[in-house]
Amino acid sequence: MSKQLVVAALQLPTLGMNATRLEFYLKKAHERGADVMLLGEYVLNHFFKEFATMAPSMVKAQTKKHLELLKSLAVKYDIVFVAPIIITKKDGYHKTIVKITSKHTRYYEQQILLPYAHWDEKRFFSNQIKPLKDPMTFNLKGFKIMVMAGFELHFDPFWQSVTRKKVDLVLLPTASTFGSHNRWREIVKTKAFLHGCFVLRANRLGEYSDDEVKWKFYGDTMLVSPEGEVEMMLEDKESMLVEIIDKAEVLEHRKVWGFEKELKQREGL
């Protein structure tokens, strides 16, 4: 019998210090047998541009509260959480993704951050610039899963890791805005097809306004199959995606298209 996994993604704005909504959705996900739950960027913490008006102690308290909450919910509902979270260290804020199970907590520090004048995470956060390494991977119910930060989607070395490690599912938390729906959809669909894996993308909701522009985070949370087809997509309202994925689809795609096989024949030539 083919292996199956129940994946879930929450589409929410920033939760602030309120945990009620999170547990509401977790109960629903548990009822549907969810094995892993993905949250979007800047859901457990505020958008980084809002940090200017927040005391560092408040950011730290927000992170601490949500880590404790996720740990307790992971135990209560026997679910794996993957969620971006801001960690405060001596040298400043670090943009990370946490994986929380009933027994363990692991962190992946985002390796490439947005460097643009209007969205300069690279300057704001204290993540070190160093040689790239493989993103965090883990196994769950016979599926190999990789966690990739949203902006890292654009860089081939991360996808080469997907192929090399035979990853079945990529978890992609994002905070996409500025009407980039179509571009993100097409990139995610293409990457899923070329690298023969499912991609679960969780994008946040909400708005942020500065002096010059309004940032609208539009949702579009989606599950894409190895064939590059959107299997389920949320629109622009608060919601939750829960779907069953089947390892047989991944194996069939690899067999039919044989991309890896062609590359392997040329190794060492």
K99 charged N/C atom sitting above F138 aromatic ring, 6.0 Å / 45°: yes
Quick check: does any side chain N or O of H253 sit under 3.5 Å from a backbone N or O of F193, one acting as donor and the other as acceptor?
yes
Item to complete: List the steps, then state whether side chain to side chain contact (heavy atoms under 4.5 Å, CB included) holds for V36 with I79.
Response: CA-CA 6 Å; V36 59; I79 196 167; 5.6 Å; no
Sorted by chain and residue number, the ring-ring contact (aromatic ring centres under 6.0 Å, His included) partners of F143 (sequence neighbours excluded) come out as none
In D220, T174, T177, the residue satisfying side-chain hydrogen bond (donor to acceptor under 3.5 Å, both in side chains) with N203 is T174
Check: E260 main-chain N/O paired with R254 side-chain donor or acceptor under 3.5 Å
no
Q128, CD: over 12 other non-hydrogen atoms inside 6.0 angstrom
no
Contacts of D246 meeting side chain to side chain donor-acceptor pair (under 3.5 Å) (sequence neighbours excluded), chain-then-number -> S2, Q4
For K247, the salt bridge (charged side-chain N to carboxylate O under 4.0 Å, His left out) test, sequence neighbours excluded, returns D168
Discussion item. Between K216 and D236, does the salt bridge (charged side-chain N to carboxylate O under 4.0 Å, His left out) criterion hold? Intermediate values first, please.
Written reply: CA-CA 10 Å; K216 181 175 171 58; D236 60 351; 5.3 Å; no
Practice item. State plainly whether the residues K189 and E229 are in salt-bridge range, i.e. N to O under 4.0 Å. Key: no
The remaining residues in the hydrophobic cluster of V75, counting side-chain heavy-atom contacts under 4.5 Å among Ile, Leu, Val, Met, Phe, Trp and Tyr, are none
For K27, the side-chain contact (heavy atoms from CB on, under 4.5 Å) test, sequence neighbours excluded, returns E23, Y77
Salt bridge (charged side-chain N to carboxylate O under 4.0 Å, His left out) filter on K191, not counting sequence neighbours, yields D156
*Step by step, work out the side chain to side chain donor-acceptor pair (under 3.5 Å) result for Y218 and S180.*
CA-CA 9 Å; Y218 52 73; S180 57; 2.8 Å; yes
Are any of the side-chain nitrogens in E121 or K95 under 4.0 Å away from the carboxylate oxygens of its partner?
-> yes
May I ask you to establish whether R204 and Y42 are in a cation-pi arrangement, using a distance under 6.0 Å from NZ or CZ to the six-membered ring centre and at most 45° from the ring axis? no
Check your understanding: In terms of the angle between their ring planes, are W257 and F259 parallel, tilted or perpendicular, with boundaries placed at 30° and 60°?
Key -> tilted
